[in-house]
Amino acid sequence: MDFQNISVIGLGYIGLPTATVFASRQRTVIGVDVNQHAVDTINQGKIHIVEPDLDMLVHAAVSQGYLRATTKPEPADAFLIAVPTPFKEGHKPDLSYIEAAATAVAPVLKKGDLVILESTSPVGTTDALAAWLAAHRPDLTFPQQCGEASDIRIAHCPERVLPGHVLRELVENDRIIGGMTAACSRLACQLYELFVRGNCIVTNARTAEMCKLTENAFRDVNIAFANELSAICDVLDVSVWELISHANRHPRVNILQPGPGVGGHCIAVDPWFLVDSAPEAARLIRTAREVNDYKPHRVLEKVKLAAGRFKQPKIACFGLAFKANIDDLRESPALEITSSLIEAAVGEVCVVEPNIQNLPKALEGAILCDVERALKWADIVVLLVDHKQFAEIPNDRLQSHVVIDTRGIWSNRRIAVDAAVV
Ligand code: SAJ
């Protein structure tokens, strides 16, 4: 199949770049999103998220007529579902966005169509998606009903791209393709081969689902190790940054970096899907989540301790995003720490976040300002995100402050750090 018409459901951090890359291969792409603002922005050739080079590609795709956004699904040859899969109460996966996408897409499906689930999902979700679609379309056949002969092909192909490097990784990374049948996998491979230069590796849907969860749980466990080291170093008065740099000189040791906690909508979320599916078995993965989730509290205690040295402490929080050089505040430990500082009235708080224009609601009472103003104003500087603008701050601009560097970008330069490194 040539896939002349491709539809992407969910135009967020994954869906929009994916839609745009298909459009750049001269396919007609219909992007669907429930957010009217996102739809309008894209149709003007602009973007509503921060991702390097994406604005240029979206502008080109829209102006050349290959990409169009709408709130209502239209017929296509392939549908890629890239909607959020957050967790709800008790770290239980919330599949309501996938179910809503299935309900929206089902009426426009026709014989021969391919439906791909890209959203990171608990094991068994592709089967659930197939069941939701089948319930809406008794006139069509699905893989769970008649295997290779089905009218509709369904596969899970988890996205694996790193925010900030999405456009490169979309093309270069290998893809794991988990079709519900071999025919589903073959068709899905054909679709991804339109732009993927990495390998398309075929497996079944359950393995593909678990593979994505495993990748993020692996990273979470390794970051938890680094965060635990930072807590141990605190007790033993050793610089964790120096320690890790030395230990990593061993040929088989590669420790990740400690930080203020693990954020984002992926690594802080996905391991819970494994824990939820096999609570007795997933003990290390659960503990890693707990270690990483506790890290913001440690940072908070550090700041409180430093603030105790001032009558009316002025605290500048550098960075709100969940990691460097992006605008994404979802599950951000920096945001959690900053709002806790305000809530606990530890001092006056100003925020420096070069990637946003307005502070979120949770930070009412704080002011958003630039690097210069914050450095002039603050007694305590808390580095929460290693944005490139912060790495450029020279040592002499930090010498008169109490500095709490949770990412090690300044501590690594061996500046005189007044407070203990977190
Ligand atoms: N972090 C640390 N120390 C480190 C590395 C990261 O504290 O050494 C923190 C970051 O600051 C951030 C969090 O972890 O708060 C997650 O950042 P990340 O860069 O590790 O990952 P994400 O969430 O941006 O993207 C991950 C990626 N998964 C893996 O690397 C295994 C990406 O490939 C996935 O596509 C993405 O999750 C996703 O969408 O699931």
Side-chain angles (χ1 to χ4, degrees), residues 10 12-18 49-52 82-87 93 117-122 156-170 172-176 198 208-231 240-241 244-245 247-248 254-274 285 288-289 291-296 298-299 319-337 383-387 390 405-409 412 422:
Y13 288 86
I14 302 301
L16 182 56
T18 306
I49 53 176
V50 171
E51 181 60 41
V83 296
T85 41
F87 56 61
L117 177 62
E118 280 220 5
S119 311
T120 305
S121 304
H156 179 54
C157 177
E159 60 82 11
R160 313 164 100 182
V161 288
L162 195 66
H165 302 266
V166 168
L167 290 169
R168 180 175 53 78
E169 291 209 351
L170 261 181
E172 288 180 4
N173 290 2
D174 292 344
R175 295 298 295 233
I176 306 299
E209 287 160 346
M210 180 140 171
C211 184
K212 171 59 194 273
L213 302 179
T214 302
E215 291 158 17
N216 281 355
F218 173 85
R219 194 151 168 88
D220 197 44
V221 168
N222 281 279
I223 298 169
F225 182 75
N227 278 335
E228 186 159 296
L229 281 180
S230 81
V240 71
W241 317 107
I244 291 175
S245 133
N248 281 350
N254 187 11
I255 304 166
L256 294 178
Q257 296 299 303
V262 167
H265 42 290
C266 310
I267 296 193
V269 175
D270 305 346
W272 287 118
F273 296 173
L274 288 173
I285 292 171
R289 274 286 67 246
V291 167
N292 288 335
D293 272 354
Y294 191 70
K295 194 65 200 286
R298 286 189 169 279
V299 177
L320 278 188
F322 85 83
K323 67 177 192 174
N325 309 322
I326 57 169
D327 70 331
D328 195 339
L329 308 187
R330 285 178 291 177
E331 314 288 331
S332 171
L335 181 60
E336 183 183 339
I337 292 162
L383 188 283
L384 295 170
V385 187
D386 42 344
H387 287 317
F390 303 159
D405 176 2
T406 71
R407 299 277 183 176
I409 60 170
N412 271 345
V422 180

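Order of appearance sets the numbers: ligands from 1, and atoms from 1 within every ligand.
Using a 4.0 Å cut-off to heavy atoms of Leu256, the atoms of ligand 1 that qualify are 8 (O). Atom numbering of ligand 1 starts at 1 in the shown order; those under 4.0 Å from a heavy atom of Glu215 are 31 (C). Those atoms of ligand 1 with a heavy atom of Val161 less than 4.0 angstrom away are 32 (C), 33 (O), 34 (C), 35 (O), 36 (C).
Looking only at heavy atoms of the protein, atom 36 (C) of ligand 1 is closest to Cys266 SG, 3.6 Å. Closest to atom 6 (C) of ligand 1, if we only count protein heavy atoms, is Ile223 CD1, 3.4 Å. Nearest non-hydrogen protein atom to atom 17 (O) of ligand 1 is Lys323 CD, 3.8 Å. Regarding atom 28 (N) of ligand 1, its nearest protein heavy-atom neighbour is Asn216 OD1, 2.8 Å.
Contact between His265 and ligand 1 is absent, with no heavy atom of the residue lying under 4.0 Å from the ligand. Residue contacts with ligand 1 leave out Gly264, since none of its heavy atoms falls under 4.0 Å from the ligand.
Using a 4.0 Å cut-off between heavy atoms, Gln257 contacts ligand 1 through both its backbone and its side chain. Using a 4.0 Å cut-off between heavy atoms, Lys212 contacts ligand 1 through its side chain alone, with no backbone atom that close. Of the heavy atoms in Arg407, only side-chain atoms (C-beta onward) come closer than 4.0 Å to ligand 1.
Of the listed options Leu213, Ile267, Asn222, Ile267 places a heavy atom closest to atom 26 (C) of ligand 1.
Side chains of Val166 and Glu159 form no contact here, defined as non-hydrogen atoms less than 4.5 Å apart. Contact check for Pro258 versus Trp241: side-chain heavy atoms found under the 4.5 Å cut-off.
In this structure, Glu118 contributes its side chain and Ala82 its backbone to no donor-acceptor pair below 3.5 Å.
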